[in-house]
Amino acid sequence: MQYTMFSQKKLELTGLINSVQLQQVQRSDEQLALSARTITLQSTITNLQASHSASLGALYEQLATVTDSTDRQAITDAIEYEQSKNEGRIAQINQQIYQVSVQENAIEMEIKRLDTKLTAMKKQLEKIEEAEKEGIEKSVPQFNGLG
């Protein structure tokens, strides 16, 4: 009867261990997806900055050749608008990157918590297996008429 109890506990604990390991894999997958999202957002900023630089370069070239003050003011206004628009878009993307980072940190903490839980369960399983082994070793001589 004692061996049935050990087997049952081992089976339950092994199921829990498998469940926690699956959770760890799922969280790691989520973390990987978030990392990919961060890279995409950073790439978007880089592309936006390159596009912005090209637009500003063209506007500054126009500004250099214009002599009429009305045209100069229109180009200056266009430059200011382009800079403002770009800064606003980059700020939005940086906010998204921050939000993703917060999610990544939460997942990292969850993975660490699961790792601690997994370590404790594996130690508990080892203790059960040791107790089971000791019980078997003690009972073998009794069954052979040696105890």
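Keep in mind that the numbers below use all heavy atoms, side chains included, and drop hydrogens, waters and symmetry copies. Residue indices begin at 1 and follow the sequence shown.
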- Heavy atoms of V66 and D68 approach each other most closely as CG1-O, 3.5 Å
What donor-acceptor contacts under 3.5 angstrom involve side-chain atoms of residues 9-18, with partners at least two apart or in another chain?
residue	atom	partner	partner atom	Å
K10	NZ	E132	OE1	2.8
E12	OE2	Q8	NE2	2.9
T14	OG1	K10	O	2.7
N18	ND2	T14	O	3.4

- Query: Can you hop from V20 to L22 via hydrophobic side chains spaced under 4.5 Å?
  - Reply: no
- Give the other cluster members for V102, using side-chain heavy-atom distances under 4.5 Å between Ile, Leu, Val, Met, Phe, Trp and Tyr residues; answer none if it is isolated. Y98
- Query: Do any N or O atoms from the side chain of R72 and from the backbone of L63 form a donor-acceptor pair under 3.5 angstrom?
  - Reply: yes
- Item | Reported CG-to-CD distance for the pair D115 and Q21, which is rounded to 0.5 angstrom | 10.0 Å
- Should S101 and N105 be marked as a side-chain contact (heavy atoms from CB on, under 4.5 Å) after you check the CA-CA gap, both sets of side-chain angles, and the distance that decides it? CA-CA 6 Å; S101 175; N105 288 340; 4.0 Å; yes
- Point-to-point distance, once rounded to the nearest 0.5 Å, from OG1 of T116 to CE of M121: 11.0 Å
- In Å and rounded to the nearest 0.5 Å, what is the CD1 to CD distance from I128 to E126? 11.0 Å
Show me, pair by pair, the donor-acceptor contacts under 3.5 angstrom made by side chains of residues 23-31, not counting sequence neighbours?
residue	atom	partner	partner atom	Å
R27	NH1	E30	OE2	3.4
S28	OG	Q24	O	3.0
Q31	NE2	E108	OE1	2.7

- Task: Keeping to residues at least two apart or across chains, list the side-chain hydrogen bond (donor to acceptor under 3.5 Å, both in side chains) pairs with something in residues 73-97.
- Result: Q73-D77, R89-Q92
- Message: Between S53 (side chain only) and Q49 (backbone N and O only), is there a donor and an acceptor less than 3.5 Å apart?
- Response: yes
- Item | side-chain hydrogen bond (donor to acceptor under 3.5 Å, both in side chains) partners for K122, two or more places apart | none
- Note on the structure: Students should find that the hydrophobic cluster of L34, defined by side-chain heavy atoms under 4.5 Å apart, otherwise consists of L41, I45, L48, I90, I93, I97, V100, I107, I111
- Message: For E130, is there an ion pair with K133 - N to carboxylate O distance below 4.0 angstrom?
- Response: no
